[in-house]
Amino acid sequence: MATSTSLAAALPSRLTSPGHRGALSWATSSARPHPARAVSSGGPRCRLVVTCNAQAAAPMSIGQGTPVRPTSVLVVGATGTLGRQVVRRALDEGYDVRCLVRPRPAPADFLRDWGATVVNADLSKPETIPATLVGVHTVIDCATGRPEEPIRTVDWEGKVALIQCAKAMGIQKYVFYSIHNCDKHPEVPLMEIKYCTERFIQDTGLDYTIIRLCGFMQGLIGQYAVPILEEKSVWGTDAPTRIAYMDTQDVARLTFVALRNEKASKKLLTFAGPRAWTTQEVITLCERLAGQDANVTTVPVAVLRFTRQLTRFFQWTNDVADRLAFSEVLSSDTVFSAPMNETYQLLGVEAKDILTLEKYLQDYFSNILKKLKGLKAQSKQSDIYF
């Protein structure tokens with residue numbers, strides 16, 4: 001592992017020079033780029049290309065320093081829906097957790113309160129990355145770009161810089177979260193980027209575990225549960241898409257089971273919930289648990305397609321079109337699920353220990369309705385009459 005004094009000299013110059021970033025481009029031809037420079041190695045062709053000098057692409061050896069403890073973990077994207085659960089699980093299991101967080105007006109104090117160390121860096125600024133990796137054994141990459149950012153800035157360019165730094169600095173393990181079936185949808189920029197990142201990690205020679213996810217239960221609260229309780233519109237589509245949602249706490253727990261299991265080394269795993277649900281089934285479940293009907297506004301898939309095509313005409317709306325492309329896939333006749341029997345067997349996990357969507361939403365509505373009932377009772381007690 002590098003010491004801080006030798007680090008700058010060992011890393012590729014393009015990662016240590018402020019403001020200097022590697023050249024990345026979209027391949028425009030169907031020919032596969034040079035394998036040493038591009039994301040490629042079997043399977044569907046990846047059109048994303050990394051062009052970097054030989055020094056940056058080749059494996060590097062760095063002078064030996066203080067041995068790194070296997071319990072030292074860097075969580076990238078630690079403030080996100082999944083990232084914060086990964087941090088909590090790691091701390092609960094006794095890991096020494098460091099969180100890479102962008103400089104922000106509102107500091108991530110809750111991570112420090114939990115017992116984690118917070119370091120500031122920005123994946124879109126590669127020169128800020130190396131210092132965060134000193135003394136780290138395992139990187140767990142939960143990061144993704146913000147909605148207002150171009151998809152490539154963090155999810156491709158930033159990830160390439162992070163992975164190259166991890167390789168150069170001798171990181172022992174890299175965990176990457178991807179999207180189920182990302183290899184089957186090259187027309188969707190976010191899914192293509194996820195697939196290309198998978199291939200890039202595999203080509204580096206790092207010890208990795210790639211985990212493809214289908215959907216988070218937590219996302220359903222803001223999308224369906226809260227609007228139903230507040231008697232606001234619930235947005236859905238007329239497509240029969242089915243998604244096997246999983247609780248992020250289960251994702252985090254299974255991640256660390258995989259991290260300790262040598263059989264999961266250099267494996268691509270898919271985590272899926274116990275059952276795949278359509279949008280209408282989720283809404284019906286929420287209605288039953290809330291005890292009230294939903295005001296459903298249906299958006300036809302054809303409207304999403306038309307909107308996506310329209311936004312392609314204007315340069316400043318290209319990123320909107322990219323995200324609509326992902327929405328279109330989520331609203332198509334697709335099943336985001338996968339058999340989990342082999343994964344459970346590999347990890348030594350029982351299927352009965354995975355939280356079901358029914359139980360998750362039941363607990364949520366039970367707690368919320370109990371609080372609302374308490375607030376109403378308190379309000380009545382405090383009424384003053386003249």
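Numbering starts at 1 and runs along the sequence shown.
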Between L269 and A264, the two heavy atoms sitting closest are CD1-CB, 4.4 Å

Please find the pair of heavy atoms, one from L289 and one from L369, that lie closest to each other, and give the distance.
O-CD1, 3.6 Å

Would a distance-only check, ignoring hydrogens and angles, find a side-chain to backbone donor-acceptor pair under 3.5 Å from D141 to A143?
yes

In short, K194 meets S178 closest at the heavy-atom pair CB-OG, 3.4 Å

Kindly compute the distance separating CG (L285) from CH2 (W277), expressed to the nearest 0.5 Å.
5.0 Å

T79: side-chain hydrogen bond (donor to acceptor under 3.5 Å, both in side chains) partners, not counting sequence neighbours
R104

What's the shortest heavy-atom distance between V136 and T132, and which atoms?
CG2-O, 3.7 Å

Supply the atom-to-atom distance T197 OG1 to I210 CD1, rounded to the nearest 0.5 angstrom.
9.0 Å

Is there a path of hydrophobic side-chain contacts, each under 4.5 Å between heavy atoms of I/L/V/M/F/W/Y residues, joining M340 to M217?
no

With a 4.5 Å cut-off on side-chain heavy atoms, are K167 and I163 touching?
no

Given the rule in the side chain to side chain contact (heavy atoms under 4.5 Å, CB included) test, do V175 and V139 qualify, once you have shown the distances and angles that lead to the verdict?
CA-CA 6 Å; V175 178; V139 172; over 6 Å; no

Measure the shortest side-chain to side-chain distance between E231 and N295 over non-hydrogen atoms and say whether it is less than 4.5 angstrom.
no

Which residue pairs satisfy the salt bridge (charged side-chain N to carboxylate O under 4.0 Å, His left out) criterion with at least one member in residues 216-229, sequence neighbours excluded?
none

Nearest atoms (heavy-atom pairs only) where I354 meets M246:
CG2-CE, 4.1 Å

V119-I140 co-clustered via ILVMFWY side chain contacts under 4.5 Å
no

For D122, what residues pass the side-chain hydrogen bond (donor to acceptor under 3.5 Å, both in side chains) criterion, not counting sequence neighbours?
S124

Tell me every residue that passes salt bridge (Lys or Arg N to Asp or Glu O under 4.0 Å) with R69, counting only those two or more places apart in sequence or in another chain.
D96

Please examine the side chains of T356 and Y360, heavy atoms only from C-beta on, and report whether any two atoms are closer than 4.5 Å.
no

Here the gap from T144 atom OG1 to L82 atom CG, rounded to the nearest 0.5 Å, amounts to 11.0 Å

Residues forming a side-chain hydrogen bond (donor to acceptor under 3.5 Å, both in side chains) with T71, sequence neighbours excluded
none

Polar side-chain atom of E149 near backbone of R146 as donor-acceptor pair, under 3.5 Å
yes

Any chance you could measure Q280, atom CD, to T241, atom OG1, to the nearest 0.5 Å?
13.0 Å

Residues passing the salt bridge (Lys or Arg N to Asp or Glu O under 4.0 Å) test with K232, sequence neighbours excluded, are E230

Could you check whether Q218 and T81, counting side-chain N and O atoms only, form a donor-acceptor pair closer than 3.5 Å?
no

Going only through I, L, V, M, F, W and Y residues with side-chain contacts under 4.5 Å, is there a path from F176 to V86?
no

Is any side-chain heavy atom of T204 closer than 4.5 Å to a side-chain heavy atom of Y174?
no

Could I get the full list of salt bridge (Lys or Arg N to Asp or Glu O under 4.0 Å) partners for E281, not counting sequence neighbours?
R242, R275

When rounded to the nearest 0.5 angstrom, what distance separates NE2 in H180 from CZ in F336?
7.0 Å

Path from L190 to I243 over hydrophobic side-chain contacts below 4.5 Å
yes

Give the minimum heavy-atom separation between G83 and V75, together with the two atoms involved.
O-CG1, 4.1 Å

Assess whether side chain to side chain contact (heavy atoms under 4.5 Å, CB included) is satisfied between L361 and I221, documenting all intermediate values.
CA-CA 8 Å; L361 288 176; I221 300 301; 4.0 Å; yes

Hits for side-chain hydrogen bond (donor to acceptor under 3.5 Å, both in side chains) against K359, two or more places apart or cross-chain, chain-then-number order -> D363

Hydrophobic cluster membership, with links at side-chain heavy-atom distances under 4.5 Å among I/L/V/M/F/W/Y: are V134 and V73 in one?
no

Distance-only donor-acceptor pairs under 3.5 Å for side chains of residues 252-263, two or more places apart:
{"unit_1": "R253", "atom_1": "NH2", "unit_2": "D250", "atom_2": "OD1", "d": "3.4"}
{"unit_1": "R253", "atom_1": "NH2", "unit_2": "D353", "atom_2": "O", "d": "3.2"}
{"unit_1": "T255", "atom_1": "OG1", "unit_2": "Y177", "atom_2": "OH", "d": "2.6"}
{"unit_1": "T255", "atom_1": "OG1", "unit_2": "V251", "atom_2": "O", "d": "2.7"}
{"unit_1": "R260", "atom_1": "NH1", "unit_2": "E93", "atom_2": "OE1", "d": "2.3"}
{"unit_1": "R260", "atom_1": "NH1", "unit_2": "F256", "atom_2": "O", "d": "3.4"}
{"unit_1": "N261", "atom_1": "OD1", "unit_2": "K263", "atom_2": "N", "d": "2.8"}
{"unit_1": "N261", "atom_1": "ND2", "unit_2": "L346", "atom_2": "O", "d": "2.8"}

Could you state the interatomic distance from CD1 (I228) to CG (D293), rounded to the nearest 0.5 Å?
9.0 Å

I need the full list of side chain to side chain donor-acceptor pair (under 3.5 Å) pairs touching residues 208-217, with sequence neighbours left out, sorted by first then second residue.
K173-T209, D183-R212, E198-R212

Okay, side chain of H185, backbone of E192: is any donor-acceptor separation there less than 3.5 Å?
no

Flag, side chain of S72 to backbone of H137, donor-acceptor distance under 3.5 Å:
yes

Indicate yes or no: at least one non-hydrogen side-chain atom of V188 is less than 4.5 angstrom from one of Y195.
no

Can a donor-acceptor pair be found between the side chains of R88 and Q85 at a distance below 3.5 Å?
no

Pair V154-R102, side chain to side chain contact (heavy atoms under 4.5 Å, CB included): steps then yes or no:
CA-CA 12 Å; V154 169; R102 295 195 221 192; 3.6 Å; yes

Do V335 and N181 come within less than 4.5 Å of each other through their side chains, counting heavy atoms only?
no

Using side-chain heavy atoms (C-beta onward) and a distance below 4.5 Å, is C214 in contact with F271?
no

Check the pair V226 / Y364 against side chain to side chain contact (heavy atoms under 4.5 Å, CB included), numbers first and verdict last.
CA-CA 10 Å; V226 172; Y364 172 79; 3.5 Å; yes

Quick one: side chains of residues 106-116, donor-acceptor pairs under 3.5 Å with protein atoms, not counting sequence neighbours, listed by atom name and distance.
{"unit_1": "D109", "atom_1": "OD1", "unit_2": "R112", "atom_2": "NH1", "d": "3.2"}

Who pairs with D247 by salt bridge (Lys or Arg N to Asp or Glu O under 4.0 Å), at least two apart in sequence or on another chain?
none

Any sub-3.5 Å donor-acceptor pair from Q172's side-chain atoms to T138's backbone N or O?
no

Got a donor-acceptor contact below 3.5 angstrom from the E157 side chain to the D155 backbone?
no

Tell me, do L123 and V76 make a side-chain contact under 4.5 Å, heavy atoms counted?
yes

